[in-house]
Amino acid sequence: MPTKFQRARSEEQRAARRQAILDTAAAMLTEMPVAQVTLNELARRVCLAKSNVLRYFESREAVLLELLDDASRELVAHLDGALARAVDGAPPPERADRIAACLAQALVARPVLCDLIGAQAAVLERNVSPQVAAAYKRAAMANATALAGQITRHLPELGEQDAFRFVLSATMISGSVWAHAHPSAAMRAAYEADPSLAALCVDFAPTLRETLEVLLSGLLARARTS
């Protein structure tokens, strides 16, 4: 049960309590999908009343959007070195495939991030104020710009505009493929009962990699002929 609430009186105490909420929510995401993370359970685990959690975050979605930004920044930092190692010495078409594969591999290794991306537009952005929405979008823009800059550095033939377009499309694709690769119990039962439906049940890792390779190769081919 939540303990008796004691108001954080200093900026340090408020920051520590806010971080405790984020850390608790992050731990929950290692145990359950985004859809099962509730504000009530978060409050119980962090030992605060729900109303007190709302002193720091306006909604469950606001908490999860901040975690999505944290995870996205960590991905961008990881790719800064991983992309350099992946593309070293390869010609442009092969570099494009290696960049797509490297990004796909990094996303596959981060299921919590993929789950958050999958829920972003349809769920996480639906119960926040304009202020929280704008702050998240500015952070997302910064992350996308940083990753596009990395891709442009390793594949200059693509150009900055198409590199940014690839990053935005890759984000949407990864969320969609994640959702389709993790169907509901009813959908899984339907696939098992009718093998003819198996083609609609996608495997996340190879589907994501192939789709990103096709997307980046197409953008590169168009850039080379324009």
Side-chain angles (χ1 to χ4, degrees), residues 1-2 20-51 53-54 57-75 78 100-128 132-133 136-137 140 143 167-215:
M1 295 294 292
I21 293 170
L22 289 169
D23 291 344
T24 302
M28 291 173 67
L29 287 170
T30 66
E31 304 171 17
M32 63 189 74
V34 169
Q36 293 179 14
V37 175
T38 67
L39 195 57
N40 285 334
E41 179 61 13
L42 174 58
R44 187 190 70 80
R45 292 194 183 201
V46 82
C47 296
L48 292 173
K50 178 179 174 180
S51 60
V53 173
L54 294 173
F57 294 93
E58 64 182 35
S59 64
R60 174 193 83 115
E61 288 75 16
V63 176
L64 296 176
L65 280 178
E66 186 149 339
L67 291 178
L68 173 53
D69 175 45
D70 290 345
S72 298
R73 284 189 285 109
E74 186 278 328
L75 174 70
H78 163 78
C102 184
L103 177 56
Q105 183 180 25
L107 287 166
V108 168
R110 292 163 173 79
V112 170
L113 173 58
C114 293
D115 196 18
L116 287 166
I117 293 172
Q120 175 190 331
V123 178
L124 303 187
E125 296 180 358
R126 301 290 176 170
N127 187 31
V128 292
V132 168
Y136 169 71
K137 287 300 185 182
N143 291 328
V167 171
L168 294 186
S169 298
T171 301
M172 291 186 287
I173 287 167
S174 61
S176 179
V177 175
W178 177 267
H180 282 86
H182 296 82
S184 66
M187 284 290 103
R188 288 196 299 271
Y191 292 143
E192 293 170 1
D194 186 350
S196 69
L197 300 176
L200 300 176
C201 184
V202 301
D203 189 350
F204 181 62
T207 302
L208 180 62
R209 175 173 177 164
E210 180 179 357
T211 306
L212 295 186
E213 287 175 348
V214 170
L215 172 62

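These numbers were taken from a predicted model, which means no experiment stands behind them.
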Does Q36 have any side chain to side chain donor-acceptor pair (under 3.5 Å) partners at least two apart in sequence or in another chain, and if so, which?
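Side chain to side chain donor-acceptor pair (under 3.5 Å) list for Q36, sorted by chain: empty.
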Going from [atom1] on [X] to [atom2] on [Y], what distance comes out if it is rounded to the nearest 0.5 angstrom?
X	Y	atom1	atom2	result
L116	S72	CG	OG	8.0 Å
N127	R60	CG	CZ	8.5 Å
T207	L212	OG1	CG	10.5 Å
Y136	L68	OH	CG	3.5 Å
W178	I117	CH2	CD1	10.0 Å
L64	L29	CG	CG	6.0 Å

Set of side-chain contact (heavy atoms from CB on, under 4.5 Å) partners for H180, sequence neighbours left out |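 In terms of side-chain contact (heavy atoms from CB on, under 4.5 Å), with neighbours along the sequence ignored, H180 is linked to S176, V202.
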Evaluate whether atom [atom1] of [X] has more than 12 neighbouring non-hydrogen atoms of other residues, nucleotides or ligands under 6.0 angstrom away.
X	atom1	result
E210	CD	no
M187	CE	no
Q105	CD	no

Any idea which heavy atoms bring [X] and [Y] closest together, and the distance?
X	Y	value
A25	L67	CB-CD1, 3.6 Å
L197	A190	CD1-O, 3.9 Å
L113	A71	CD1-CB, 3.7 Å
R110	L75	CD-CD1, 3.9 Å

Can you list the residues that meet the salt bridge (charged side-chain N to carboxylate O under 4.0 Å, His left out) rule with D23, with sequence neighbours excluded?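 D23 satisfies salt bridge (charged side-chain N to carboxylate O under 4.0 Å, His left out) with no other residue.
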Checklist line | Listed once per pair and sorted, the ring pair (Phe, Tyr, Trp, His ring centres under 6.0 Å) pairs that draw on residues 105-127, sequence neighbours left out | finding: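 Ring pair (Phe, Tyr, Trp, His ring centres under 6.0 Å) check on residues 105-127 returns no pairs.
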Which residue pairs satisfy the side-chain hydrogen bond (donor to acceptor under 3.5 Å, both in side chains) criterion with at least one member in residues 181-194, sequence neighbours excluded?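 Qualifying pairs: D194-S196.
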Point to revise | Residue pairs passing the salt bridge (Lys or Arg N to Asp or Glu O under 4.0 Å) test where at least one lies in residues 29-41, sequence neighbours excluded | key: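 As it turns out, the salt bridge (Lys or Arg N to Asp or Glu O under 4.0 Å) pairs with a partner in residues 29-41, which skip direct neighbours, are E31-R45, E41-R44, E41-R45.
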